[in-house]
Amino acid sequence: MPEVTASHYPPGTPCWIDLMAPDQQAALDFYRDLLGWQGEVGSPEFGGYAVCTLNGKPVAGIMKAQPMQEGDPMPPTVWTTYLASTDADATQKAIAAAGGTVMFPVMDVGTIGRMLVAADPTGAVFGVWQPVDFWGAQVVNEPGALTWNELHTPDLAAAGAFYQKAVGLSSVPMEGMDDYHSMNVGDRSVGGMTTMGESAPPGAPPHWLTYFSVDDTDSTVDALIRAGGNVLVPPFDFVAGRMSVVTDPQGAVFAVIKAAPM
């Protein structure tokens, strides 16, 4: 699970998530009703970026999707996972050296931090966040908040080698699960990695899947359906709890889970 340590995340740990959606206000309303978030369109200085909160603490960002330049296609409606870094420039160089592709080079985000967006060699897109005044999600592993980040990739070995070199995430096979690896910072599991499976929509590219903790998976999925979302994988029980893979009304894929008692 993601781990908040004092006021930082250890390098390599998923530390923030954000959504790019064509209708930003509709997304804000949907996640407010589904997960209990509060958020509003932000200042023009930051492109209207909305920082959503849960019980007054930041949990995720939502921004309006728009083409990079006039005539470009709209970007996909997706949740992006950001990995913590203490030096975004050095991480950018490590990503390139390890065979990744830098999509949006390091940029300053006001005084709150520095970021970049890249793709690993198998095609999965992720972000990197170097905190300055803002260090990431301040609520995790609670209902309504981020609880897990999972890479879906066609090549476990290539992806594992890349993330080890680029951000220091080690890949450790899970006992009894040939196609599932834990992604570790030191000896702590902070995420997972699995082969592309049935949970992904047909034709979906490699990707990072965001999991949100909920009190009741079935009732959350029922509410999502009533709000116009879709179910890709109906609720099911497994060793970690009861989960479902869904999309919001604008097509962004995510998972909800009620974790099994520890």
Could you point out which residue of I17, N149, V125 forms a side chain to side chain contact (heavy atoms under 4.5 Å, CB included) with W208? N149
What are the two closest heavy atoms between M115 and V109, and how far apart are they? CG-CG2, 3.6 Å
Linking I/L/V/M/F/W/Y whenever their side-chain heavy atoms sit closer than 4.5 Å, directly or via other members, would F104 and M74 fall into one cluster? no
To the nearest 0.5 Å, what is the distance between CH2 on W129 and CG on D18? 9.5 Å
Please tell me if the side chains of V245 and M243 come closer than 4.5 Å, counting only heavy atoms from C-beta onward. yes
Check the angle between the aromatic planes of W135 and Y9 and answer parallel, tilted or perpendicular using the 30° and 60° thresholds. tilted
Please report the shortest heavy-atom distance between A124 and H207, naming the atom on each side. CB-N, 3.8 Å
Shared hydrophobic cluster for M107 and M103 (ILVMFWY, side-chain gaps under 4.5 Å): yes
Looking only at heavy atoms, which two atoms of Q250 and A27 are closest? And how far apart? NE2-N, 3.6 Å
Would one find more than 12 heavy atoms of other residues, nucleotides or ligands at under 6.0 Å from atom CG of D187? no
Is the shortest side-chain heavy-atom distance between V214 and L35 below 4.5 Å? yes
Search all heavy atoms of S189 against all heavy atoms of N184 and return the closest pair with its distance. CA-OD1, 3.3 Å
Hey, are the side chains of L151 and Y163 touching, using non-hydrogen atoms and a 4.5 Å cut-off? yes
Is it possible for you to say whether L19 and V78 belong to one hydrophobic cluster, with membership spreading through side-chain heavy-atom contacts below 4.5 Å? no
Quick one: does any side-chain atom of W16 pair with a main-chain N or O of G127 as donor and acceptor, under 3.5 Å? no
Test item: F162 and I95 side chains (from C-beta on) under 4.5 Å apart, heavy atoms: yes
Out of curiosity, does V117 fall in the hydrophobic cluster containing F46 (side-chain heavy atoms, cut-off under 4.5 Å, transitive links)? yes
Short question: side chain of Q92, backbone of V106 - any donor-acceptor pair under 3.5 Å? yes
Check: W37 side chain, G144 main-chain N or O, donor-acceptor pair, under 3.5 Å: yes
Checking T217, D216, D218 against R242 for side chain to side chain donor-acceptor pair (under 3.5 Å), the one that qualifies is D218
Is there a chain of hydrophobic side chains (I, L, V, M, F, W, Y, each step under 4.5 Å between heavy atoms) that links V132 to L116? no
Tell me, do F134 and T111 make a side-chain contact under 4.5 Å, heavy atoms counted? no
Quick one: does S213's side chain get under 4.5 Å of E142's, heavy atoms only? no
Does any N or O in the side chain of T153 come within less than 3.5 Å of the main-chain N or O of D155, such that one atom is a donor and the other an acceptor? yes
May I ask you to decide if V233's main-chain N or O and S244's side chain share a donor-acceptor pair within less than 3.5 Å? yes
Any donor and acceptor pair, going by atom type alone, linking the side chain of E150 with main-chain N or O of T194 inside 3.5 Å? no
Which heavy atom of P75 sits nearest to which heavy atom of Q66, and what is that distance? CD-O, 3.6 Å
Should P14 and L83 count as side-chain neighbours, where that means a heavy-atom distance under 4.5 Å? yes
Between Q24 (side chain) and I62 (backbone), is there a donor-acceptor pair under 3.5 Å? yes
May I ask you to test the L232-V253 pair for a side-chain heavy-atom distance under 4.5 Å? yes
